[in-house]
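All figures in this text were calculated on a predicted structure; none of them were measured in a lab.
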Amino acid sequence: MARHLITSAIPYINGIKHLGNLIGSQLPADLFARYQRARGHEVMFLCATDEHGTPAELAAAKAGKPVDEYCREMHAIQSEIADGFRLSFDHFGRSSSPQNHRLTQHFAGRLAQAGLIEEVSEKQVYSNADGRFLPDRYIEGTCPNCGYDKARGDQCENCTIQLNPTDLINPRSAVSGSSDLEVRETKHLHLRQSAMKDKLDQWIDSQVDWPVLTTSIAKKWLHDGDGLQDRGITRDLDWGIPVKKGDQDWPGMEDKVFYVWFDAPIEYIACGGEWAEAHGKTDADWERWWRTDKGADDVRYTQFMGKDNVPFHTLSFPATIMGSGEPWKLVDYIKSFNYLNYDGGQFSTSQGRGVFMDQALEILPADYWRWWLLSHAPENSDSEFTWENFQASVNKDLADVLGNFVSRVTKFCRSKFGEEVPAGGDYGPQEQALIDDLTRRIRAYEAHMDAIEIRKAAGELRAIWVAGNEYLQSAEPWAKFKTDPDAAAAVVRLSLNLIRLYAVLSQPFIPDAAATLMTAMNTDDDSWPDDVEQALSALPAGHGFAVPDVLFRKITDEEREDWQTRFSGTRDG
RNA sequence: GGGCCUGUAGCUCAGUUGGUUAGAGCAGUCCGCUCAUAACGGAUUGGUCGCAGGUUCAAGUCCUGCCGGGCCUACCA
């Protein structure tokens with residue numbers, strides 16, 4: 001039995017995420033976690049909310065709430081929606097947890113001891129009206145290059161030129177609009193990533209089987225220009241993890257907090273501690289996943305994320321772990337995704353464009369979304385959601401191919417033999433051919449799932465569903481029943497077993513439908529079909545079952561058009 | 001500006017280290033079946049593989065240039 005540690009990129013606390021965020025990390029991670037559990041492996045699947053940073057403070061202020069209260073509420077909401085999508089986290093933690101406070105401060109202390117932290121004095125823009133330092137992109141002004149009057153302090157969106165806030169003409173706060181700004185001197189800690197450049201480079205080079213998307217982004221950062229740059233890991237904010245050197249104060253760093261991108265990945269580890277606390281476990285119970293000196297040496301760690309998160313996971317976080325000099329578990333495989341676009345443009349949280357997770361669940365059950373998103377996962381390039389494609393795929397794959405198969409088999413059996421697995425007849429060459437075909441296909445399905453080739457796995461699963469229809473068509477139990485009821489009984493017996501098999505194989509993709517099928521088949525035998533012939537005899541003659549309700553209803557043209565209109569504009573406040 | 005990814009049938013995509021007549025699903029057309037959510041099965045139409053050169057006995061695959069789409073470029077996270 002292997003041990004799989006799986007983490008999904010942690011979603012930012014600021015609002016409800018859209019379907020592009022979902023397919024970019026949490027959903028594929030859940031698919032992999034469910035699959036590995038189904039194969040009988042031990043899995044620890046962790047996710048959390050990323051709660052610190054300027055956007056969280058501003059969102060809380062806008063909502064008129066203290067930031068900790070705002071985060072607590074948003075965590076509860078995101079957690080509930082994650083449940084709605086059947087994301088099977090072992091724990092859904094919070095980067096603001098006490099565990100993460102301690103661990104982040106611990107890492108900073110270790111890095112300082114190792115000489116990998118440098119104190120740097122820099123100039124930052126301070127807004128007197130807002131009473132806070134502002135990140136570069138929260139300063140607006142006129143672009144000195146093209147004259148665009150809403151250029152941001154880091155870059156002009158109009159002419160794409162790189163800027164410093166001080167380059168802007170008539171700079172103002174993007175928060176309040178105030179032009180009462182001044183440049184202040186402030187001291188920050190930098191992580192000396194440059195000192196670890198060669199070590200990181202060698203580590204990346206040794207990962208030959210990682211997706212090109214992952215390694216190419218890492219290489220770019222390692223070798224672009226002067227090579228990997230040091231990175232500020234502190235900020236002048238109120239909300240965050242106070243800067244400390246382990247449990248000691250850090251002179252000169254009072255009133256500062258760690259930068260979210262320093263503490264967010266550490267939350268992957270801290271989340272293990274939160275899991276232990278929530279389940280009455282000991283430190284040893286989570287450390288056996290995270291400390292190679294305490295049992296994690298046989299753990300396989302896989303991370304899932306969108307491409308925008310790759311630099312932090314391939315460079316900054318490994319630098320933190322390596323630099324600590326302690327035996328924390330490093331990632332073994334990084335699966336990264338491109339973006340999902342929405343009907344000709346981009347999904348956008350800030351503009352409210354596209355379908356958001358809460359809205360999706362309001363109009364259709366999770367399985368519909370899970371199937372479409374996973375079978376169209378943007379693995380090789382950006383992909384696109386259109387309502388036409390969604391309707392066509394869901395109706396054909398889920399309703400016609402899988403759902404209708406279940407209907408025709410269970411209803412035929414009920415009308416001819418009653419609601420129990422019929423006895424009589426023997427399996428012949430046709431059945432053997434089906435078993436051989438399924439065996440080949442299931443082995444291919446496993447190979448794709450092991451390699452996290454999601455679209456290929458979905459295609460193979462669909463082909464496995466199709467094989468059932470092909471078999472029924474050629475076996476013709478409705479014709480056989482008239483001349484040789486025993487022969488028809490054998491076909492139906494096999495087909496009913498096929499339904500249980502489909503439930504087991506499909507569960508990682510469509511867990512609710514799988515559960516419905518298991519209940520209808522009146523079984524809790526969810527063992528993986530290592531031996532297909534044996535798996536198809538799990539339900540013996542005489543075993544009772546129930547005809548389930550329609551497994552997947554079809555999306556009508558009217559609904560599609562309605563949704564197309566409803567989601568064409570921006571999300572209501 | 002620089003870097004990376006990408007352009008294959010009407011649509012969504014596969015095409016391993018270059019190797020026969022380029023594949024799948026959907027849509028279309030025809031046929032079959034009637035157990036079923038008017039579902040299922042079989043067959044079939046459809047592509048000068050973005051364009052132009054080059055290397056090679058052989059190029060969708062390698063090289064060069066051009067055209068189109070996308071992403072990243074380090075203080076949003």
Side-chain angles (χ1 to χ4, degrees), chain A residues 9-14 50-56 58 122 124-125 133-139 152-155 160-162 164-165 174 188 193 212-213 215-217 219-221 223-225 228-232 235 259-261 264 306-312 315-316 338-339 341 346 349-350 375-376 378-384 386 388-389 392-393 395-416 453 455-456 458-459 462-463 466 468-481 488 491-492 495 549-554:
Chain A
I10 66 179
Y12 198 65
I13 193 69
N14 183 9
D50 178 14
E51 305 193 357
H52 299 133
T54 308
L58 296 179
E122 42 191 70
Q124 291 276 318
V125 175
F133 281 96
L134 292 174
D136 291 357
R137 78 165 47 191
Y138 282 93
I139 301 166
R152 292 188 324 221
D154 56 342
Q155 184 176 40
T160 73
I161 193 174
Q162 306 269 326
N164 286 315
H188 282 294
Q193 299 184 136
V212 183
L213 186 64
T215 50
S216 66
I217 292 173
K219 286 303 223 179
K220 161 76 171 162
W221 280 55
H223 300 297
D224 191 40
L228 187 62
Q229 301 296 296
D230 293 344
R231 193 166 186 114
R235 290 289 183 274
Y259 176 41
V260 278
W261 263 115
K307 58 185 166 186
D308 51 331
N309 283 340
V310 169
F312 303 101
L315 304 169
S316 308
N338 287 283
Y339 293 144
N341 289 320
Q346 294 190 337
T349 301
S350 56
S375 62
H376 293 78
E379 290 175 296
N380 295 330
S381 61
D382 291 352
S383 63
E384 176 156 322
T386 64
E388 287 85 357
N389 190 308
S393 295
N395 285 357
K396 193 69 193 176
D397 299 346
L398 297 181
D400 295 347
V401 176
L402 176 60
N404 183 55
F405 175 80
V406 173
S407 282
R408 62 196 298 209
V409 169
T410 53
K411 288 181 180 172
F412 180 78
C413 184
R414 179 173 62 184
S415 75
K416 306 299 183 193
E453 294 269 12
R455 280 179 305 177
K456 287 180 182 173
R462 185 189 190 282
V466 167
N469 283 308
E470 287 173 0
Y471 167 71
L472 265 194
Q473 196 63 38
S474 61
E476 294 187 297
W478 48 89
K480 283 192 171 87
F481 184 76
V491 174
V492 171
S495 300
D549 291 335
V550 167
L551 199 59
F552 293 100
R553 70 171 186 82
K554 293 201 193 194

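- A donor-acceptor pair shorter than 3.5 Å cannot be found between the side chains of A:D397 and A:S393.
- Taking atom CD on A:Q229 and atom P on B:rA74, their separation rounds to 10 Å, with Å as the unit.
- We find that NZ of A:K219 is positioned 18 Å from C1' of B:rA74, with the value rounded to whole Å.
- Between A:N395 atom CG and B:rG25 atom P there is a gap of 18 Å when expressed in whole angstrom units.
- Taking only side-chain nitrogens and oxygens, A:Y259 never comes nearer than 4.0 Å to OP1 or OP2 of B:rC76.
- With rounding to whole Å, A:E470 atom CD is found 12 Å from B:rC40 atom P.
- Remark: the separation of the P atoms in B:rC4 and B:rG47 is 35 Å, to the nearest Å.
- Here A:T54 lies in heavy-atom contact (under 4.0 Å) with sugar-phosphate atoms only.
- If A:R235 and A:K396 are placed on RNA chain B by their nearest nucleotide, the residue sitting closer to the 5' end is A:K396.
- At distances below 3.5 Å, at least one donor-acceptor pair connects side-chain atoms of A:S383 with backbone N or O atoms of A:H376.
- Comparing B:rG18 with B:rC72, their P atoms are spaced 33 Å from each other, to the whole Å.
- Here the separation of B:rA27 from B:rU12, taken at their C1' atoms, is 11 Å to the nearest Å.
- A:R152 comes within 4.0 angstrom of nothing in the nucleic acid, heavy atoms only.
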What string of B, S and - do you get for nucleotides 5-14 of chain B, 5' to 3', if B is base contact, S is sugar-phosphate-only contact and - is no contact with any protein heavy atom under 4.0 Å?
S------SSS
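- Side chains of A:N395 and A:K554: no donor on one and acceptor on the other come within 3.5 Å.
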Could I get a table of every N or O pair under 3.5 Å where one atom is in the protein and the other is in nucleotides 29-38 of chain B?
from	atom 1	to	atom 2	distance (Å)
B:rG32	N2	A:Q473	NE2	3.1
B:rC33	O2'	A:W478	NE1	3.3
B:rC35	O2'	A:R408	O	3.1
B:rC35	O2	A:R408	NE	3.0
B:rC35	N3	A:R408	NE	3.3
B:rC35	N3	A:R408	NH2	2.6
B:rC35	N4	A:R408	NH2	3.2
B:rA36	O2'	A:N404	OD1	2.3
B:rA36	N3	A:N404	ND2	3.2
B:rA36	N3	A:R408	NE	3.2
B:rU37	OP1	A:K411	NZ	2.6
B:rU37	O2	A:F552	O	3.4
B:rU37	N3	A:F552	O	2.6
B:rU37	O4	A:L551	N	3.4
B:rU37	O4	A:F552	N	3.2
B:rU37	O4	A:F552	O	3.4

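- Base pairing in RNA chain B yields stems of at least 3 consecutive Watson-Crick or G-U pairs, both distances under 3.5 Å, namely B:1-7 with B:67-73, B:10-13 with B:23-26, B:28-32 with B:40-44, B:50-54 with B:62-66.
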Protein-nucleic acid N or O pairs under 3.5 Å, nucleotides 61-64 of chain B:
none

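- Comparing the same atom, P, in B:rG60 and in B:rG25 gives a spacing of 23 Å after rounding to whole Å.
- A distance-only check finds a donor-acceptor pair linking the side chain of A:Y12 to the backbone of A:H52 [under 3.5 Å].
- A:L58 places a side-chain heavy atom less than 4.5 Å from the side chain of A:Y138.
- Across all strands, A:P477 comes closer than 4.0 Å to no nucleic acid atom at all (heavy-atom distances).
- Rounded to whole Å, atom C1' of B:rC75 lies 7 Å from atom CD of A:Q124.
- Of the possible donor and acceptor atoms, none in the side chain of A:Q193 sits under 3.5 Å from a partner among the backbone N and O of A:L315.
- Rounded to whole Å, the P atom of B:rC11 lies 33 Å from the corresponding atom of B:rA58.
- The residue A:E122 sits close to a base: some heavy atom pair falls under 4.0 Å.
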Dump the intermediate steps for side chain to side chain contact (heavy atoms under 4.5 Å, CB included) on A:Y471 and A:V491, then the final yes or no.
CA-CA 9 Å; A:Y471 167 71; A:V491 174; 3.7 Å; yes
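- With sequence neighbours excluded, the residues that form a side-chain contact (heavy atoms from CB on, under 4.5 Å) with A:R152 are A:R137, A:D154, A:E157.
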Give every donor-acceptor pair under 3.5 Å between a side-chain atom in residues 401-413 of chain A and any protein atom, sequence neighbours left out.
from	atom 1	to	atom 2	distance (Å)
A:R408	NH1	A:N469	OD1	2.9
A:T410	OG1	A:V406	O	2.7
A:T410	OG1	A:S407	O	3.4

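- In this structure, NZ on A:K416 lies 15.0 Å from NZ on A:K480, to the nearest 0.5 angstrom.
- One interatomic measurement links the two molecules: CG of A:L315 to P of B:rU73, which rounds to 13 Å at whole-angstrom precision.
- Nucleotides B:rC5 and B:rU17 are separated by 14 Å at their P atoms, to the nearest Å.
- In this model, the phosphate group of B:rG41 is not approached by any side-chain N or O of A:Y471 to a distance below 4.0 Å at OP1 or OP2.
- Distance alone, capped at 3.5 Å, places no donor-acceptor pair between the A:E384 side chain and the A:N341 backbone.
- A:E388 comes within 4.0 angstrom of no nucleic acid atom, judged by non-hydrogen atoms across all strands.
- If you take CD1 of A:I139 and C1' of B:rC75, they are 9 Å apart, rounded to a whole angstrom.
- Atom NZ of A:K220 is separated from atom P of B:rC72 by 13 Å (rounded to the nearest Å).
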